[in-house]
Amino acid sequence: MNTTGETAVSTTGETMGTTFDVAVIGAGIVGSAIARKLAGYELSVALLDARGDVGDGTSKANTAILHTGFDAKPGTLESRLVREGYRLLSEYAERTGIPVEHTGALLVAWTEEELDALPALKEKAERNGYDRTRIVGRDEVYRQVPHLGEGALGGLTVPDESIICTWTTNLALATEAVLRGVTLLLNRRVQSVEDRGDRTVLRTSGGEVNARWVVNAAGLGADVIDRLFGHDRFTVTPRRGELLVYDKLARPLVDKIILPVPTSQGKGVLISPTVYGNVLLGPTAEDLTDRTDTGTSEKGLEFLLDKGEKLMPDLLREEVTATYAGLRAASDHPDYLIEADAGRRYVLVGGIRSTGLTSGIAVGEHVAELIGEAGLALTPREELPEPPHMPNLGEAGLRPYQDAARIAGDPAYGRVVCFCERVTAGEIRDTFRSPIPPSGLEGLRRRTRAMNGRCQGFFCGAEVGKLMDTKGESACEQRHPSPEAQR
Amino acid sequence: MTTDITTLTPDVVIVGAGPSGLSAARALAPRLGGGVLVLDRESTAGGIPRHSDHPGYGIRDMRRFMSGPAYARRLVAQAEAAGATIRTNATVTGWAGDHTIEATTPEGRIRVEARAVVLATGARERPRPARLIPGDRSRGVYTTGHLQNLVHLRHGKVGRRAVIVGAELVSWSAALTLREAGCRTVLMTTEYPRPDSYSLFSVPGRILFRTRVATRTRVTRIIGRPELEAVEVENIDTGERRVVECDTLVLTGDWIPDHELARAAGITLDPGTKGPLVDSALRTDRPGVFAVGNMLHPVDTADIAAIDGAHVARSVIAWLNGESVPAGQVRLVADAPFRWVSPEILRPGDPVPSRRRLLLWSDRYIPFPQVVLRQGGKVVARRRLWWPAAPGRVFRVPTGILSTVDPKGGTVHIGSR
């Protein structure tokens with residue numbers, strides 16, 4: 001049964017004959033937010049991605065922090081869009097059920113030099129429109145984070161830095177886009193483009209797509225697409241960030257984001273709780289040439305263990321649940337690069353580095369403005385569907401396995417399949433019935449947390465694999481013994 | 001629609017229906033009027049032996065030689081015949097009191113208010129991330145548990161060429177499973193200087209499986225996107241690295257107890273086993289909460305875990321009868337080359353440890369180990385044993401060695417000369 005009826009998600013096949021008003025390349029957070037925004041107008045919109053799922057690039061593997069933008073470069077477009085994005089995404093998360101925890105952050109200074117840098121950081125935050133930072137002494141640092149390693153000298157508190165579920169954010173934006181009528185075209189890697197005067201033909205690995213306007217939100221591939229449109233403005237350098245995810249039993253050690261004082265080398269290594277109840281340590285920062293190399297490295301893991309031993313030795317006594325690497329789209333341009341080319345009916349959304357999770361919705365608003373100014377008629381649609389209500393993957397909210405009323409209504413929510421993450425058969429079934437169902441095991445993991453826990457499939461791997469094959473129906477059909485009280 | 005939590009009030013609740021939990025249930029149920037409830041999160045009771053489809057089970061506890069699944073079925077039948085209630089698909093989610101736990105089941109949320117709790121949650125193998133093996137996130141990487149679930153319970157497919165990390169008992173169990181699934185094991189690796197299994201298994205095993213065991217070797221990289229294509233292995237002594245083509249990698253051994261519930265209760269863990277710290281009566285440091293099986297000694301064979309279950313019954317009954325815990329204790333501490341010893345606490349007047357054996361884990365192979373006990377800086381006992389201490393399997397020491405320990409003399413260190 002498909003509760004959504006005929007959805008506009010297509011993983012294969014031609015769209016010839018249709019000319020979309022706008023084609024957005026890239027179904028990460030930024031591209032999905034742009035498509036969702038544009039679908040709020042009287043426009044036909046296609047959202048393309050090279051991969052088989054939405055959010056399968058940088059948007060799936062980052063530090064999942066909702067930034068206040070306190071440390072952006074003042075006066076930049078990035079500073080403004082991160083600040084606006086923080087507010088917009090916070091509101092959107094509340095409406096759609098994206099897990100967020102407003103944990104706050106603490107920048108820790110470990111050297112005199114870093115200590116001396118704190119007042120300038122506070123002042124910079126104020127120039128970015130954020131005035132709630134506070135410089136604190138050594139004792140306050142240890143009062144706030146008792147398990148911090150020895151040697152901290154002081155810190156700067158950023159009470160509104162928050163943690164968020166990056167997977168649900170991407171999925172919510174893409175789902176709402178689809179609900180608003182966007183045609184989602186997966187497995188379409190853009191290989192060449194042709195200008196036909198009134199429209200552009202995108203030749204993709206999955207057939208041709210015609211559109212009057214094209215928005216390039218291709219993340220790691222944005223510079224390559226930009227060159228297909230005849231530009232040579234910037235180069236994306238994939239910057240690999242490796243992270244360690246510690247066991248949930250480590251979560252009591254860390255209840256806020258612990259940030260290093262930024263240096264010219266980037267933001268450095270942080271420790272952060274996750275909305276799933278784990279603790280992150282990372283990322284590394286290593287510039288690569290291969291835009292697909294999301295493997296972890298011996299050096300990277302050693303570096304993180306060495307850093308972690310100084311930051312929080314107690315954390316390293318806990319078990320590692322997962323290791324992963326993500327690629328940020330670093331660029332040689334010092335700011336976001338968002339420009340419309342009216343003659344070519346083309347918008348570049350490039351250089352959205354690591355802040356895109358926070359700024360995505362604001363980038364969507366900004367792109368709509370630019371494209372309107374460039375000549376595309378934007379007529380707001382009268383009736384828009386309600387935003388989707390997303391399944392809760394966060395520990396701060398009620399999860400189905402805890403919800404007695406929900407289990408009473410449907411026993412599938414009482415059948416825990418993934419023990420470590422406490423994911424139920426009902427949730428797995430639901431995700432296959434959702435507007436953008438998973439196309440593989442990785443997609444299922446991002447939508448439900450199944451197999452993301454400490455056993456990594458020792459107990460549930462085979463069962464989850466079977467649920468994958470039956471689209472989640474197999475575990476929901478079993479007959480259960482009648483409840484029988486034990487006296 | 002009801003939002004009520006169903007409350008159950010058995011005398012004893014046992015968490016985990018594997019060999020140790022089921023054996024505890026079988027021993028306790030006939031002796032208690034108030035009932036024994038066993039909860040298990042799997043859809044079928046029996047624990048790990050359910051998917052270890054080869055013979056070698058039941059030797060010490062049932063005096064039989066049978067397959068894992070047959071052994072599991074027999075344990076379940078015996079516990080039920082003794083009067084215990086077994087509930088599967090019941091995931092214990094936390095504590096709601098000293099002896100009260102909460103669980104999620106398809107029939108709803110339940111609260112179990114018992115008078116005593118027995119934790120029998122077992123152990124699992126560390127997966128790839130916990131071993132910090134770098135490289136690609138390839139498909140085709142398993143633990144033995146995942147592999148055997150897939151092959152024996154789900155009849156799923158694996159690849160054609162496998163590398164197994166580990167050369168201990170469970171590693172050969174994985175090799176058997178791979179063979180049944182039509183997958184050839186091309187290499188087994190161990191960081192130790194010799195295979196860790198009994199030569200009874202490893203010599204014919206090597207011939208039978210045409211498998212080479214690379215000693216002093218570790219996997220340093222996983223290669224292949226999205227499917228596994230190869231692993232890079234390193235000789236630890238020479239640093240030399242080479243690439244071995246394979247489409248399946250099985251990570252065996254390297255056990256960690258499933259201790260989440262114990263930690264959630266604030267029960268003290270032993271830093272060596274990472275399971276609850278227990279005395280020879282298998283009491284944890286929370287009164288009325290006991291622990292049994294391979295969460296205490298990760299891992300010994302299933303029959304040894306089962307005998308723990310029978311051993312705990314007497315202690316649980318004593319607690320329910322209001323008998324007090326003997327005063328005074330001696331702490332047992334493992335010294336190198338031993339990583340841990342179980343149980344960790346001895347009390348005068350308590351029962352001797354299960355099967356009259358101390359269980360230890362050795363990081364070094366010693367052919368005829370001399371076990372030495374030291375108390376207060378003095379050697380209080382020495383005993384030469386005629387079986388080896390070897391990495392990858394439990395080393396069992398007869399408890400007779402404890403006869404000269406002074407119950408008031410403080411911590412006892414157990415090592416090898």
Side-chain angles (χ1 to χ4, degrees), chain A residues 242 244-245 247-249 292-301 305 317 319-325 400-405 407-409 411-416 419-420 422 424-425 440-442 454-463 465-466 475 478 480-487, chain B residues 1-6 8-10 34-35 37 41-43 51 85 87-89 91 93 104-110 112 124-137 139 142-151 153-154 156 220-223 225-226 256 258-260 263-264:
Chain A
E242 296 178 44
L244 297 177
V245 182
D247 194 284
K248 291 184 205 320
L249 292 163
T292 60
D293 188 1
T294 53
T296 50
S297 69
E298 209 169 340
K299 268 196 193 131
L301 298 180
L305 293 180
R317 308 287 91 80
E319 294 286 316
V320 172
T321 291
T323 60
Y324 67 93
Y401 81 87
Q402 300 167 310
D403 190 341
I407 298 167
Y413 296 114
R415 173 140 160 65
V416 179
F419 308 131
C420 303
R422 296 175 182 170
T424 65
L441 184 59
E442 293 301 313
R454 59 173 69 94
C455 93
Q456 294 281 306
F458 181 97
F459 295 110
C460 74
E463 174 81 18
K466 184 178 163 204
Q478 291 184 2
H480 302 291
S482 61
E484 128 192 353
Q486 170 75 25
R487 301 258 156 241
Chain B
M1 187 179 294
T2 171
T3 56
D4 290 346
I5 288 189
T6 308
L8 309 175
T9 56
L37 175 63
R41 57 196 190 179
E42 295 280 357
S43 53
H51 50 69
T85 302
R87 257 183 104 150
T88 53
N89 287 319
T91 301
T93 57
T104 293
T105 77
E107 297 80 42
R109 291 275 287 163
I110 58 172
V112 183
R124 62 189 162 79
E125 294 162 305
R126 281 192 177 84
R128 181 250 178 115
R131 301 177 192 226
L132 294 174
I133 305 172
D136 297 323
R137 277 167 83 101
R139 285 199 284 262
Y142 306 94
T143 48
T144 313
H146 187 176
L147 174 79
Q148 296 190 333
N149 250 303
L150 187 67
V151 173
L153 298 184
R154 305 275 168 224
T220 45
R221 192 155 58 98
I222 289 172
I223 303 162
R225 276 177 276 160
I256 171 108
D258 253 339
H259 56 210
E260 186 183 14
R263 281 189 69 176

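Computed from heavy atoms alone, side chains included, the values below leave out hydrogens, waters and symmetry copies. Order of the sequence lines sets the chain letters (A, B, ...), proteins ahead of strands, with each chain counted from 1.
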Participant: Can you tell me if A:R454 uses its side chain to pair, donor with acceptor, with the backbone of B:P127 under 3.5 Å?
Facilitator: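 No, A:R454 side chain to B:P127 backbone: no donor-acceptor pair under 3.5 Å.
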
Participant: Could you have a look at B:L150, B:L153, B:L132 and say which one has the most heavy-atom pairs with chain A under 4.5 angstrom?
Facilitator: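 Of the candidates given, the most pairs with chain A belong to B:L132.
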
Participant: Side chain from CB out, backbone as N, CA, C, O: work out which of these in A:E298 comes under 4.5 Å of a heavy atom of chain B, or both, or neither.
Facilitator: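 Both parts, backbone and side chain.
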
Participant: Can you tell me which portion of B:Q148 sits under 4.5 Å from chain A's heavy atoms? Options are side chain, backbone, both or neither.
Facilitator: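 Neither part.
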
Participant: Where on B:H259 is there a heavy atom nearer than 4.5 Å to chain A: the side chain, the backbone, both, or neither?
Facilitator: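 When you check distances to chain A, only side chain atoms of B:H259 fall under 4.5 Å.
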
Participant: Mind running side chain to side chain donor-acceptor pair (under 3.5 Å) on B:R137 and A:T294 for me, showing each step along the way?
Facilitator: CA-CA 8 Å; B:R137 277 167 83 101; A:T294 53; over 6 Å; no

Participant: Examine whether an atom of B:R139 lies under 4.5 Å from a heavy atom of chain A, and if so say whether it belongs to the side chain, the backbone or both; otherwise answer neither.
Facilitator: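 Interface part for B:R139: neither.
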
Participant: Any chance you could measure A:E463, atom CD, to B:N149, atom CG, to the nearest 0.5 Å?
Facilitator: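 Separation between the atoms: 8.5 Å.
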
Participant: Do A:R422 side-chain atoms and B:T93 backbone N/O form a donor-acceptor pair below 3.5 Å?
Facilitator: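 Answer holds: yes.
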
Participant: Identify which part of B:T91 has an atom lying under 4.5 Å from any heavy atom of chain A, answering side chain, backbone, both or neither.
Facilitator: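 Just its side chain gets close to chain A.
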
Participant: Picking from A:Q456, A:Q402, A:K248, A:E319, which has the most non-hydrogen pairs under 4.5 angstrom with chain B?
Facilitator: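 Most heavy-atom pairs within the cutoff with chain B belong to A:E319.
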
Participant: Which atom names give the shortest non-hydrogen contact between A:T323 and B:P129, and what distance separates them?
Facilitator: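 Smallest heavy-atom distance, with atoms named: N-CB, 3.8 Å.
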
Participant: May I ask you to check whether A:T292 and B:R225 show a side-chain donor-acceptor distance below 3.5 Å?
Facilitator: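 A donor-acceptor contact under 3.5 Å links the two side chains.
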
Participant: Could you look at A:L244 and say if it's the side chain, the backbone, both or neither that has a heavy atom under 4.5 Å from chain B?
Facilitator: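 Answer is side chain: those atoms of A:L244 sit under 4.5 Å from chain B.
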
Participant: What's the separation between atom CD1 in B:I256 and atom SG in A:C455, rounded to the nearest 0.5 Å?
Facilitator: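 The CD1 atom of B:I256 sits 12.5 Å away from the SG atom of A:C455.
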
Participant: Pair B:D136, A:D293 - check side chain to side chain contact (heavy atoms under 4.5 Å, CB included), show working.
Facilitator: CA-CA 8 Å; B:D136 297 323; A:D293 188 1; 4.3 Å; yes

Participant: Please report the shortest heavy-atom distance between A:S297 and B:P134, naming the atom on each side.
Facilitator: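 Between these two residues, the closest heavy atoms are C-CB, 3.6 Å.
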
Participant: Please state whether the side chain, the backbone, both or neither of A:L249 comes within less than 4.5 Å of a heavy atom of chain B.
Facilitator: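 It is both, since atoms from each part get that close.
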
Participant: Given A:T296 and B:I222, is the side chain to side chain contact (heavy atoms under 4.5 Å, CB included) satisfied, shown in steps?
Facilitator: CA-CA 9 Å; A:T296 50; B:I222 289 172; over 6 Å; no

Participant: With a 4.5 angstrom heavy-atom cut-off, could you sort out which part of A:E442 is near chain B: side chain, backbone, both or neither?
Facilitator: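 Just its side chain gets close to chain B.
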
Participant: Is it the side chain or the backbone of B:R154 that comes within 4.5 Å of chain A heavy atoms, both, or neither?
Facilitator: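 Side chain only.
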
Participant: Pick one of side chain, backbone, both or neither for B:I223, based on which atoms fall under 4.5 Å of a heavy atom in chain A.
Facilitator: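 Neither the backbone nor the side chain of B:I223 comes within 4.5 Å of chain A.
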
Participant: Where on B:R221 is there a heavy atom nearer than 4.5 Å to chain A: the side chain, the backbone, both, or neither?
Facilitator: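 No part of B:R221 comes within 4.5 Å of chain A.
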
Participant: Check whether NZ of the Lys or CZ of the Arg B:R41 lies under 6.0 Å from the centre of the six-membered ring of A:F459 and within 45 degrees of that ring's axis.
Facilitator: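 Because its charged atom sits under 6.0 Å from the ring centre and within 45° of the axis, B:R41 does stack over A:F459.
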
